[in-house]
Amino acid sequence: MKLKKSDKIPPIKPSKRLTNDQRISMFRFMLQAREFDLAMQRLNRQGRAFGGVYSQTGNEASSVGSAFALGEKDVLFPMHRNIGGHFVFGQDLNTLMLAFLAREGSLMRGTDGTGHYADVNKRIYGNISHLGAMIPVAAGFVLASKMRGENVVSMTYIGDGGSQTGEFHEGMNFASVQKLPFILIIENNQYAYSSPNSVEFACKHLSDRALGYGCHGETIDGTDVEIVYDACWKAAERARRGEGPSIIETVTMRMRGHAEHDDFSYVPREELEYWQKRDPIDRYQNFLLEKKILTMDDITAMRTTLIEEIRAAIDYAVELPFPPAEEGLKGVFVD
Ligand SMILES: Cc1ncc(C[n+]2csc(CCOP(=O)(O)OP(=O)(O)O)c2C)c(N)n1
Ligand SMILES: [Mg+2]
């Protein structure tokens with residue numbers, strides 16, 4: 001992206017719909033997501049978490065603000081940078097750690113460590129794929145619930161890169177024609193692997209495509225959690241009123257490589273510095289301190305507790321065995 005160096009970092013735009021308790025809750029989920037992410041990076045370097053470890057640093061406001069806006073019957077199809085949404089939907093640390101460390105008996109039976117699980121009791125139905133496959137499935141989910149007379153909203157995510165796939169078009173068109181209660185968050189984090197936005201698409205905003213589908217579309221600051229919450233809350237209300245789907249593009253930055261094996265040397269350092277100043281957690285922390293909703297002591301205590309909880313989950317998971325190799329063949333071939 002072209003960096004506008006003169007740009008001042010705007011203050012957080014408070015949502016009229018949030019209580020201070022909800023604000024503290026969102027902040028806690030964001031902090032939890034960040035600390036979980038840092039722990040996964042360390043575990044990867046220690047050789048204890050292998051396969052793809054996809055950092056979601058920079059994505060906390062998009063992930064937490066969007067999931068937080070959903071109601072208690074709504075369903076979530078999170079993607080690889082949406083650990084915050086798992087926490088918002090009540091997933092517990094031990095279950096997540098077991099899954100991410102690919103242990104026997106975990107939600108993915110230890111066959112994968114990148115969060116490709118569904119936990120139906122928690123209304124979490126992803127991550128099916130990074131590249132568009134969740135759009136038709138999440139749309140189909142609410143088609144089924146609509147036919148049963150239920151008023152459920154589904155939400156899923158796609159990256160700037162994934163937005164260029166066929167399933168994006170097919171899923172969005174279908175959801176719009178059927179006026180389904182569906183919300184698509186496009187997390188535009190500037191890169192798809194090593195490809196910057198400039199070689200991915202030629203339209204100005206990815207949400208402009210909504211015009212072609214005949215649904216709602218908007219592009220918002222993906223580093224302001226209250227803006228994300230507000231846009232998604234309104235999208236869910238429209239969906240419940242039968243007004244069909246919304247495409248919400250949250251603009252943010254992938255602050256590390258595609259996954260931990262990638263040193264992201266192709267990302268100009270000035271670009272990272274620009275976004276570093278817009279860190280979603282720092283921005284929200286400053287807001288909460290300024291508004292005297294939290295003190296620095298509260299935040300330090302919150303962070304310490306979260307780190308201790310994550311450490312306890314790691315201690316729990318690393319003691320447990322990996323699955324036997326034959327487990328990898330189950331569910332692949334007909335018995
Ligand atoms: C069919 C297919 N091709 C390639 C990949 C590898 N892959 C996974 S994510 C990704 C890039 C996704 O970029 P984007 O949609 O911008 O999401 P981000 O990782 O930036 O969050 C690629 C190439 C894949 N999973 N499936
Ligand atoms: Mg991307």
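Counting from 1, the numbers follow the sequence of the chain as shown. Atoms within each ligand, like the ligands themselves, are counted from 1 in listed order. Computed from a predicted model, the values in this text were never measured in an experiment.
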Protein residue, atom and distance nearest to atom 23 (C) of ligand 1, heavy-atom basis: Y193 CD1, 4.1 Å

Salt bridge present between E35 and R303 (N-O < 4.0 angstrom): yes

Cationic tip of R269 above Y274 ring, under 6.0 Å, 45° of axis: no

H169 versus N173, side-chain donor and acceptor atoms under 3.5 Å: no

D160, N/O/S atom nearest the Mg ion (ligand 2): OD1

Polar proximity ligand 1 side, E200 side, N/O cut 3.5 Å exclusive: no

Nearest non-hydrogen protein atom, atom 8 (C) of ligand 1: H130 CD2, 3.5 Å

Y54 and ligand 1 - part of the residue with a heavy-atom distance under 4.0 Å: neither

Ring center gap for Y54 and H130 short of 6.0 angstrom: yes

Y191/F264 aromatic ring centres below 6.0 Å: no

Test of proximity, Y191 against ligand 1: N or O pairs below 3.5 Å: yes

Heavy atom of the protein closest to atom 15 (O) of ligand 1 (residue, atom name, distance): G162 N, 2.7 Å

Proximity of F182 and F141 rings by center, below 6.0 Å: no

Numbering as shown, the atoms of ligand 1 that approach G159 to under 4.0 Å (heavy-atom distance): 14 (P), 15 (O), 16 (O), 17 (O)

Element-labelled atoms of ligand 1 that are located less than 4.0 Å from some non-hydrogen atom of R81: 18 (P), 19 (O), 21 (O)

Beyond-backbone contact of N82 with E187, side-chain heavy atoms, under 4.5 angstrom: yes

Ligand 1 N/O within reach of H80 N/O, cut-off under 3.5 Å: yes

Test of proximity, M79 against ligand 1: N or O pairs below 3.5 Å: no

Contact partition for H258 relative to ligand 1, non-hydrogen atoms under 4.0 Å: side chain

G161 neighbourhood, listing ligand 1 atoms whose heavy-atom distance to it stays under 4.0 Å: 14 (P), 15 (O), 16 (O)

Check: F29 ring centre within less than 6.0 Å of F87 ring centre: no

Protein non-hydrogen atom below 4.0 angstrom of atom 10 (C) of ligand 1 present: yes

Pair N188-E249, side-chain donor/acceptor within less than 3.5 Å: yes

Part of N189 within contact of ligand 1 (heavy atoms, under 4.0 Å): side chain

Identified salt bridge (Lys or Arg N to Asp or Glu O under 4.0 Å) counterpart of E60 within the set R283, R34, R278, R81: R34

Winner among I186, T252, L131 once heavy atoms are compared against atom 4 (C) of ligand 1: L131

The Mg ion (ligand 2): angle it makes with O (Y191) and OD1 (N189), nearest 10 degrees: 90°

E170 side chain reached by P136 side chain, heavy atoms, under 4.5 Å: no

